[in-house]
Amino acid sequence: MKNIVIFGAPGSGKGTQSDKIVEKYGFKHISTGDVLRNEIKNGTELGKTADSFIKDGKLLPDSLMTDILASVFDKLVPTEGVIFDGFPRTIAQAEALDKMLQARGTEVKAMIELSVPNEELVKRLLLRGKISGRSDDNETTIRKRLEVYNTQTAPLIDWYEKQGKHYHINGVGKVDEIFDAISAVINRLA
């Protein structure tokens, strides 16, 4: 099973590229953002708790996210692979993900980082907010999310690099060219 962490700041193209991976390779896609938005939309207790964190541009507690992912993951297997989109976001979450996967006899094979400069991210997210109406795509919240990403999430790059699982992809350019670079990584995975 080829489990992949697709990684990058908000607006880096993780969702777009994940859709292409699903289409080409048949992997399952766990987008923590989609899972949480669904819980919020349905007014569940988890959704209410998550909403209070998201509105402030903060990350959810690790134990809460790990429990959610384990539940979703178990519903998707068996499969060729799973794309983790939006998780892990901290080293503690990465360690929790490793433990959760090891308990199921599998592991993360690659962390694929989509690298995009901050000002391009702001531009993309503001445009997405206009199109989708997502309340968290406003400039104040976007800048907070990018600050959280740069201070709390970016250290994961070194963490996965030390394990030999980090792959850097330039996330600026044509969608298909970016996907070709991602495909080259996936095709090399054992």
Side-chain angles (χ1 to χ4, degrees), residues 1-10 12-42 44-54 58-114 145 148-149 151-169 182-190:
M1 180 186 263
K2 294 180 181 180
N3 297 310
I4 295 169
V5 171
I6 191 147
F7 189 81
S12 61
K14 297 183 300 290
T16 299
Q17 294 299 333
S18 292
D19 290 346
K20 292 181 81 59
I21 295 167
V22 167
E23 185 180 324
K24 180 173 181 175
Y25 295 97
F27 289 10
K28 302 297 184 187
H29 178 214
I30 300 176
S31 164
T32 53
D34 289 348
V35 170
L36 293 173
R37 279 188 290 279
N38 191 45
E39 295 290 327
I40 291 166
K41 182 177 141 193
N42 293 330
T44 66
E45 284 307 310
L46 168 63
K48 291 174 187 171
T49 303
D51 196 35
S52 66
F53 283 93
I54 292 168
K58 295 179 183 172
L59 301 179
L60 270 63
D62 295 345
S63 59
L64 182 62
M65 281 308 312
T66 306
D67 289 347
I68 294 166
L69 283 178
S71 172
V72 173
F73 182 86
D74 290 342
K75 293 174 189 166
L76 299 178
V77 293
T79 181
E80 293 296 313
V82 173
I83 306 160
F84 292 92
D85 172 358
F87 189 91
R89 290 190 175 181
T90 63
I91 290 172
Q93 287 180 355
E95 291 169 345
L97 178 61
D98 278 356
K99 285 180 188 164
M100 186 270 284
L101 291 173
Q102 284 169 3
R104 288 154 176 81
T106 188
E107 66 179 346
V108 169
K109 293 283 187 184
M111 184 266 251
I112 299 174
E113 174 204 2
L114 298 175
R145 287 165 59 204
V148 168
Y149 172 80
T151 58
Q152 295 180 33
T153 307
L156 276 172
I157 295 167
D158 289 338
W159 195 79
Y160 279 109
E161 183 72 43
K162 287 176 184 164
Q163 295 180 28
K165 295 180 179 181
H166 170 255
Y167 297 88
H168 178 272
I169 304 287
I182 291 170
S183 293
V185 170
I186 294 172
N187 293 340
R188 286 196 309 260
L189 297 176

Review item, side-chain donor-acceptor pairs of residues 71-78, under 3.5 Å, at least two apart:
residue: Asp74; atom: OD1; partner: Arg104; partner atom: NE; Å: 2.6
residue: Asp74; atom: OD2; partner: Arg104; partner atom: NH2; Å: 3.0

Run the numbers on Lys28 and Ile83 for side-chain contact (heavy atoms from CB on, under 4.5 Å), then give the verdict. CA-CA 6 Å; Lys28 302 297 184 187; Ile83 306 160; over 6 Å; no
Take Thr106 and Asn3 through the side-chain hydrogen bond (donor to acceptor under 3.5 Å, both in side chains) test and state the conclusion after the steps. CA-CA 8 Å; Thr106 188; Asn3 297 310; 2.8 Å; yes
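Around the CZ atom of Arg89, the shell of radius 6.0 Å holds no more than 12 heavy atoms that belong to other residues, nucleotides or ligands. Taking a 6.0 Å sphere around NZ of Lys24, one finds it holds more than 12 heavy atoms contributed by other residues, nucleotides or ligands.
Checked by atom type and distance alone, the side chain of Thr66 never pairs as donor or acceptor with a backbone atom of Ala96 at under 3.5 Å. The backbone N or O of Ser183 lies less than 3.5 Å from a partner atom in the side chain of Asn187, making a donor-acceptor pair. Judged by distance alone, the side chain of Asn42 and the main-chain N or O of Asn38 form a donor-acceptor pair under 3.5 Å.
Phe7 has its ring centre less than 6.0 Å from the ring centre of Tyr149.
Put simply, the side chain of Thr44 does not reach to within 4.5 Å of the side chain of Thr49, judged on heavy atoms. Two residues are said to be in side-chain contact when any heavy atoms from C-beta on lie closer than 4.5 Å; Ile6 and Gln17 meet this criterion.
Taking Lys20 as the reference, Asp176 meet the side-chain hydrogen bond (donor to acceptor under 3.5 Å, both in side chains) condition, with sequence neighbours excluded.
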